[in-house]
S.K.: 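Just passing along the structure, written as structure tokens.
These values consider heavy atoms only, across backbone and side chains, with no hydrogens, waters or symmetry-generated copies. Atoms within a ligand are numbered from 1 in the order they appear, just like the ligands themselves.
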Amino acid sequence: MSSIDISNKEFNSLSQLIYSESGINIHTGKMELLKSKIAKRMRSTKISSYNNYLKYLAGNKDEITEFIDTVTTNHSFFFRENTSVQRMIDALQLENKLSQRTFNIWCAACSTGDEPYSVAVQMLEQGLRFSILATDISHSVLNTAMRGVYTRERVKNVPTPLLHKYFQKGTGKKTDYVRVKKEVMSYIDFKKFNLISDPVPCEKFDVIMCRNVMIYFDNTTTEKVINSLYHALKNGGIFIIGQAESLMSLKHKFKSVKNTPSTFQK
Ligand SMILES: C[S@@+](CC[C@H](N)C(=O)[O-])C[C@H]1O[C@@H](n2cnc3c(N)ncnc32)[C@H](O)[C@@H]1O
């Protein structure tokens, strides 16, 4: 635990800052977590006084970004909640039989890239044409995503034939790591994007995945996010959320898809 003392007022203004910048709600139960994150940023910025750090944070956009980076939860892994991905790919295959085309997919809140790479290898395996826009608020996770190097633990759910086909095994000191092959990387465009403040791209998507991030938002923020994502989808397009998330009790225009978990349609 950190030795920093935060008054309720300071906690409130910090959580307000996090909320207004990222939509993430940090309640008082997260006080210790927040303190440890501040201590981490103080070490990185070499600022020894907590008050000086707060002043520095208030006047520095880059530091606000770094700070938000440390408080966001980036947990992800390959083939996470893959049933909805498989069903989405089945739907695209059916559509592809009717008219062959390139499918545009947006992984909003893609974290370290595990999600878009998992989608890409399965799309490639089915011979579908596609491009993926993969975005996140955090530049550090995007850097990891663009590097494409992961521990074997992170890829343990990837079926072995796909692991052999689309990843390179590390050697020597890197034996516990794999690297996503360049061919897979070429289908994905990684970009910084804040779901609560950036305007959605002009292009329309066949699929938007926004999984395991809205769980950190309140209803007001989630409603705003899902409604702007709705506009970024093509008519008939597919919207996928995380298994622990729900659109119940929110105002939206999506139709739920029968027998398909966490999946909606425009
Ligand atoms: C738990 S990860 C989910 C990753 C992936 N979608 C999955 O399901 O495995 C949540 C991600 O949301 C990102 N995030 C948080 N607030 C965001 C915002 N306002 N806009 C865009 N991304 C955000 C975080 O940086 C983090 O990488």
S.K.: Got a sec, which pairs hit salt bridge (Lys or Arg N to Asp or Glu O under 4.0 Å) with one end in residues 104-129, sequence neighbours left out?
M.R.: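 Qualifying pairs: Asp114-Arg154, Glu115-Arg211, Glu125-Lys165.
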S.K.: For residues 18-31, which residue pairs qualify under salt bridge (Lys or Arg N to Asp or Glu O under 4.0 Å), counting only residues two or more places apart or in two chains?
M.R.: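 Listed once each, the pairs are Glu21-Lys61.
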S.K.: Test: salt bridge (Lys or Arg N to Asp or Glu O under 4.0 Å). Region: residues 221-244. Which pairs qualify, not counting sequence neighbours?
M.R.: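 Applying salt bridge (Lys or Arg N to Asp or Glu O under 4.0 Å) to every pair that reaches into residues 221-244, excluding sequence neighbours, yields Asp206-Lys234.
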S.K.: Should Ile105 and Leu133 count as side-chain neighbours, where that means a heavy-atom distance under 4.5 Å?
M.R.: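 No, too far: nothing below the 4.5 Å cut-off.
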S.K.: May I ask you to decide if the ring planes of Trp106 and Phe205 are parallel, tilted or perpendicular, using 30° and 60° as cut-offs?
M.R.: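 Tilted: the ring planes of Trp106 and Phe205 meet at 30° to 60°.
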S.K.: Using the six-membered ring of Phe77, assess whether NZ or CZ of Lys156 lies under 6.0 Å from its centre and within 45 degrees of the ring axis.
M.R.: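 Not flagged: Lys156 not positioned over aromatic ring of Phe77.
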S.K.: Which protein residues have a heavy atom closer than 4.0 Å to any atom of ligand 1, listed by chain and number?
M.R.: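 Within the 4.0 Å shell of ligand 1, which is judged on heavy atoms, sit Ser22, Ile24, Thr72, Thr73, Asn74, His75, Ser76, Arg80, Ala109, Ser111, Glu115, Asp136, Ile137, Ser138, Phe193, Asn194, Leu195, Arg211, Asn212, Val213, Phe217.
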